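Predicted, not measured: the structure shown is a model, and the values here were computed from it.
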Amino acid sequence: MGIIIANDSAAGSLLSPVTRGLKRVLWTLMLVMSVAIYGSHAPLLTLCKVDGKIPFSASSVVVLTELTKLVLSFISLLIWDRRQLGVLPSWRHAAPFVLSALLYAANNNLVVHMQLFMDPSTYQVLSNLKIGSTAFLYSMFLHQRFSLHKWLALFLLTAAGVSYTYGGLQDLQHSSSSPEMQLHVTLIGLLLISMYCLISGLSAVYTEVILKTQDLPLTLQNLFLYFFGVLLNLIVHLLSSNGAGFLDGFSFWVLVIVVSQALNGLIMSVVMKHSSNITRLFVISCSMLVNALLSILLFSLQLTAFFFLAVLLIGLAVHLYYGVK
């Protein structure tokens with residue numbers, strides 16, 4: 001995966017071969033960890049269910065995840081960039097992250113509300129369109145021109161996501177009693193999913209632009225981003241709270257989700273700072289392999305032809321994007 005580390009090529013030429021090799025190993029391990037976390041998220045949510053329902057508040061989990069990112073960012077600042085503590089940062093450096101936090105908070109809430117206008121399967125299938133919106137906004141805001149084969153690779157990545165989410169896994173124990181999956185969405189649902197895909201791409205690309213254009217250490221930038229993230233999501237939680245306790249329904253698996261998602265958020269900030277959102281898209285797509293493996297082991301689900309089609313499409317996408325010159 002060293003081919004993905006594009007922004008460090010100039011600095012890498014000044015490093016010894018051993019240092020460069022170690023850096024590539026650490027980068028690969030970080031991406032593999034991110035693939036594992038993305039892929040395990042849905043199975044972990046299933047393990048949290050009680051009588052088939054999620055017992056906790058989604059907004060509580062988001063607040064705790066953002067708070068965990070903030071704490072880890074502060075610890076990282078103390079370890080690697082302690083000198084920054086003696087410098088009073090300018091509000092001009094912190095202010096741009098308000099919009100990032102707003103966009104991420106808006107998307108988190110859209111995910112909840114738009115499923116009132118479509119079934120979960122439709123949401124899973126159509127949400128793959130955010131690959132296209134992210135790629136388009138990335139090419140526009142970061143002035144990156146994609147060749148035809150790279151656009152084709154991103155299209156194949158989208159098709160792979162649609163194929164897998166539509167029918168990559170099958171529950172044989174309930175397939176005989178359950179009707180065939182029917183996708184259904186209202187006009188408002190289509191408008192909301194379009195808005196979701198647009199905001200998803202915009203939040204990721206806008207954050208990448210800030211991280212790369214500011215001459216600040218990533219630990220301090222993360223501190224800004226997650227401070228506003230905690231603040232805004234806490235406000236959303238308080239406004240949408242139905243009177244239940246903040247930690248009602250929490251279990252060991254919920255805490256695993258909070259910690260893993262926090263770690264993944266920090267990994268993705270490194271990816272956006274030193275690589276790109278395109279790398280992030282490929283990581284998310286590859287995570288379906290982990291999702292499938294865990295679904296087979298934990299829930300006895302079976303692979304279908306759609307899964308193998310998705311794997312083939314991902315392989316072709318990786319080859320076209322990173323292998324073809």
Side-chain angles (χ1 to χ4, degrees), residues 1-38 62-101 104 142 203-233 255-280 282-284:
M1 285 191 166
I3 51 177
I4 302 175
I5 316 174
N7 292 345
D8 290 342
S9 57
S13 62
L14 302 177
L15 301 175
S16 68
V18 174
T19 305
R20 287 200 300 271
L22 180 61
K23 191 174 182 180
R24 288 179 179 274
V25 169
L26 291 174
W27 181 262
T28 302
L29 287 175
M30 189 173 61
L31 294 182
V32 169
M33 183 184 297
S34 183
V35 168
I37 293 173
Y38 271 122
V62 173
V63 171
L64 279 180
T65 302
E66 293 298 299
L67 183 59
T68 305
K69 292 177 187 177
L70 181 63
V71 172
L72 293 176
S73 298
F74 184 69
I75 294 173
S76 300
L77 186 66
L78 289 177
I79 296 174
W80 289 298
D81 295 293
R82 183 183 291 268
R83 65 185 184 280
Q84 294 292 330
L85 296 176
V87 181
L88 187 64
S90 168
W91 66 269
R92 293 184 179 86
H93 290 138
F97 290 99
V98 176
L99 181 55
S100 281
Y104 284 123
L142 280 90
S203 58
V205 172
Y206 173 76
T207 303
E208 179 179 342
V209 171
I210 299 172
L211 293 177
K212 286 180 174 175
T213 53
Q214 286 188 348
D215 187 21
L216 291 175
L218 181 59
T219 51
L220 185 58
Q221 291 176 310
N222 279 339
L223 210 60
F224 293 149
L225 175 61
Y226 300 130
F227 170 78
F228 293 120
V230 171
L231 187 63
L232 289 171
N233 283 288
L255 295 179
V256 171
I257 289 175
V258 169
V259 174
S260 63
Q261 290 303 305
L263 288 173
N264 204 32
L266 295 175
I267 290 174
M268 285 299 104
S269 67
V270 175
V271 169
M272 287 191 283
K273 178 83 170 179
H274 300 291
S275 184
S276 72
N277 265 292
I278 303 303
T279 303
R280 183 180 67 89
F282 275 92
V283 166
I284 294 172

Using a 3.5 Å distance criterion without hydrogens, assess whether the side chain of [X] forms a donor-acceptor pair with backbone atoms of [Y].
X: Ser275; Y: Met272; answer: no
X: Tyr206; Y: Pro96; answer: yes
X: Asn264; Y: Ile37; answer: no

Compare every heavy atom of [Y] with every heavy atom of [X], then report the nearest pair and how far apart it is.
X: Leu266; Y: Tyr226; result: CD2-CE1, 3.6 Å
X: Ser269; Y: Leu211; result: O-CD1, 3.8 Å
X: Ala94; Y: Phe228; result: O-CE1, 3.3 Å
X: Ile267; Y: Ser34; result: CG2-CB, 4.0 Å
X: Ala101; Y: Gly229; result: CB-N, 3.8 Å
X: Asn277; Y: Ala204; result: ND2-O, 2.9 Å

Is there any salt bridge (Lys or Arg N to Asp or Glu O under 4.0 Å) pair reaching into residues 66-78, and which pairs are they, with sequence neighbours excluded?
Glu66-Lys69
Which pairs count as salt bridge (Lys or Arg N to Asp or Glu O under 4.0 Å) when at least one residue sits in residues 89-99, sequence neighbours excluded?
none
Verdict with reasoning, Leu31 to Val35, per side chain to side chain contact (heavy atoms under 4.5 Å, CB included)
CA-CA 6 Å; Leu31 294 182; Val35 168; 5.6 Å; no
Separation between [atom1] of [X] and [atom2] of [Y], rounded to the nearest 0.5 Å:
X: Thr65; Y: Ile257; atom1: OG1; atom2: CD1; value: 8.5 Å
X: Leu67; Y: Leu72; atom1: CG; atom2: CG; value: 9.5 Å
X: Leu216; Y: Ile210; atom1: CG; atom2: CD1; value: 11.0 Å
X: Ile278; Y: Phe282; atom1: CD1; atom2: CZ; value: 7.5 Å
X: Leu70; Y: Ile75; atom1: CG; atom2: CD1; value: 10.0 Å
X: Gln214; Y: Lys273; atom1: CD; atom2: NZ; value: 7.5 Å

Could you check Thr219, Leu220, Leu218 and say which one makes a side-chain contact (heavy atoms from CB on, under 4.5 Å) with Asn222?
Leu218
Assess whether atom CE of Met33 is packed by more than 12 heavy atoms of other residues, nucleotides or ligands within 6.0 Å.
no
